[in-house]
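This report refers to the structure that appears directly beneath it.
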Amino acid sequence: MKILGTGAGLPARRVYNSELAAFLDTSDEWIVSHTGIQTRYVCVEESLTDLAEAAGRQALRNAGWTAKDMDLLIAATISGDYITPSLACRVAERLGAVCPAFDVNAACSGFIYALEAADAFMAAGKAENILILACEEMSKHVDWTDRSICPLFGDGAGAVAVSCGGALRYMHLTAAGNTAPLKMRAPRGNSPFQPDVPQEDKFIRMSGQEVFKFAVQSIEKEVGLALAALSLAPEDVHLYLLHQANLRIIESARQKLKLSADKFPTNIERHGNMSSAAIPILLNEMLEAGKVAEGDILLMSAFGAGMTTGTCVWYWES
Ligand code: ACO
């Protein structure tokens, strides 16, 4: 598999930490020093489908495809506008695609899971040109009265158009079977036979320090496995595109590998944590900035609720 085109879609509204401090007991200093986040984009007028469509159209354009060229559309998301139809079907309708379409939920690891699904479809000879979306509207899932959660997240959509090729050299997914540290209940109806869900369970709940430890340990372990599998030294990798959840997590990985900061690009400062959308948007930014050359080795590693991880390595082919 190789990536032929990328795209991104963002809301117009950028929210600064100082705006949060106007209604929460927090400060720009606390948020920046504990997370690295300075701003995040938040949907106001836009729907997630709007962001996903924009990202998808850009990826198709960059790949030189029309919607009719797609054999499959996969969307990674935990925040589609509807539980059904899927986000993938909503975007397929907007784009005028005539291919199968479905969603994947692996939380923040969702983009890597979707890549693996796409690779499997290709390997089975069931699809050749696949559009992958990874799109999140986290602002509708956070409790805006909870200072420990709402400053962390942001909204955004990333997309990649993938086709057959030899760029993807390594893929490893895990699910730890530990769902306690990070969860959010699905909305329930009005069954008279069930008690109402407590208000606090309607939003994302996270044990921040537990997730932090899992993230640091899993990135270290998964990067080590990937490097060993490909007989690479840490410095052989040109770019480490890590999940953007906290600058301190990325910095910890960088220090363990004893590498310079330019190998660990970040966008969390501007975007906050966009869950599954973080890595594809970062990739799009790197490509637009001309930071990826033919043959460059890119390592992507994500972690998320489940607890899940996904790690892959590309030898860039255009
Ligand atoms: N402003 C001011 N104070 C705050 C804020 C805030 N926004 N948030 C928490 N605090 C306070 C707490 O109330 C606590 O106060 P107390 O000591 O009086 O009780 C104090 O700061 C310390 O809180 P901790 O939770 O211990 O702070 P910590 O240094 O662990 O940072 C954080 C919290 C940023 C959430 C960190 O644990 C973290 O990044 N964890 C990982 C999160 C993550 O990776 N999430 C992604 C999950 S996967 C996905 O992307 C969906």
Side-chain angles (χ1 to χ4, degrees), residues 15-40 48 76-80 104-113 134-158 173-176 178-185 200 203-220 222 241-253 266-269 271-282 300-311:
V15 175
Y16 291 78
N17 291 341
S18 56
E19 295 179 74
L20 304 183
F23 61 89
L24 288 170
D25 181 13
T26 189
S27 64
D28 179 56
E29 193 281 327
W30 193 98
I31 299 171
V32 172
S33 61
H34 284 73
T35 70
I37 299 165
Q38 297 167 14
T39 66
R40 73 288 293 142
L48 188 65
T77 189
I78 56 169
S79 51
V104 166
N105 173 349
C108 305
S109 311
F111 174 61
I112 313 290
Y113 270 66
C135 315
E136 306 290 1
E137 188 180 349
M138 302 305 288
S139 62
K140 72 182 173 201
H141 289 318
V142 300
D143 179 353
W144 285 92
T145 68
D146 183 347
R147 69 177 184 175
S148 71
I149 295 283
C150 72
L152 306 178
F153 294 96
D155 301 338
L173 307 180
T174 70
N178 176 15
T179 61
L182 185 51
K183 53 171 72 165
M184 186 185 62
R185 278 194 98 104
E200 62 270 19
F203 303 110
I204 291 178
R205 291 289 146 209
M206 179 173 70
S207 163
Q209 289 184 0
E210 213 177 320
V211 175
F212 195 98
K213 272 186 218 132
F214 174 83
V216 168
Q217 285 164 4
S218 69
I219 288 179
E220 187 184 346
E222 293 301 325
L241 304 179
L242 305 184
H243 177 46
Q244 305 284 299
N246 188 320
L247 215 49
R248 286 155 54 208
I249 295 172
I250 298 165
E251 184 55 17
S252 156
T266 58
N267 63 14
I268 187 172
E269 301 88 342
H271 295 289
N273 177 352
M274 297 178 292
S275 188
S276 69
I279 290 178
I281 290 178
L282 185 59
M300 302 175 181
S301 190
F303 60 90
M307 302 297 286
T308 58
T309 70
T311 303

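Order of listing sets the numbers, starting from 1, for every ligand and every atom in it.
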> What residue and heavy atom of the protein are closest to atom 27 (O) of ligand 1, and at what distance?
Replying inline: Trp30 CZ2, 4.0 Å

> In terms of residue, atom name and distance, what is the protein heavy atom nearest to atom 46 (C) of ligand 1?
Replying inline: Asn273 ND2, 3.4 Å

>> Within ligand 1, which atoms have a heavy atom of Asp25 less than 4.0 Å away?
In response: 1 (N), 2 (C)

> What is the closest protein heavy atom to atom 44 (O) of ligand 1, and at what distance does it sit?
Replying inline: Ala245 CB, 3.4 Å

>> Looking at Asp155 and Lys140, is any side-chain nitrogen of the basic one under 4.0 Å from a carboxylate oxygen of the acidic one?
In response: no

> Considering Lys213, His34, Lys183, Glu136, which one's heavy-atom position lies nearest to atom 28 (P) of ligand 1?
Replying inline: His34

> Is there a nitrogen or oxygen of Thr35 sitting under 3.5 Å from a nitrogen or oxygen of ligand 1?
Replying inline: no

> In terms of residue, atom name and distance, what is the protein heavy atom nearest to atom 43 (C) of ligand 1?
Replying inline: Val211 CG1, 3.6 Å

> Which of these, Met307, Met184, Arg147, Met206, has its nearest heavy atom closest to atom 15 (O) of ligand 1?
Replying inline: Arg147

> Backbone or side chain, does any N or O of Ser275 fall under 3.5 Å from an N or O of ligand 1?
Replying inline: no

> Tell me, which protein residue and heavy-atom name are nearest atom 39 (O) of ligand 1, and how many Å apart are they?
Replying inline: Asn246 ND2, 2.6 Å

> Identify the closest protein heavy atom to atom 40 (N) of ligand 1: which residue and atom is it, and at what distance?
Replying inline: Gly208 O, 2.9 Å

>> For atom 30 (O) of ligand 1, which of the options His141, Gln244, Met274, Gln209 provides the nearest non-hydrogen atom?
In response: Gln209

>> Is Leu20 close enough to touch ligand 1? Criterion: a residue heavy atom under 4.0 Å from a ligand atom.
In response: no

>> Give me the residue, atom name and distance of the protein heavy atom closest to atom 1 (N) of ligand 1.
In response: Thr26 OG1, 2.6 Å

> Given that the side chain starts at C-beta and the backbone is N, CA, C, O, which of these parts of Leu24 lies under 4.0 Å from ligand 1, counting heavy atoms, or is it both or neither?
Replying inline: neither

> Which atoms of ligand 1 are found less than 4.0 Å from any heavy atom of Phe212?
Replying inline: 38 (C), 39 (O), 40 (N), 41 (C)

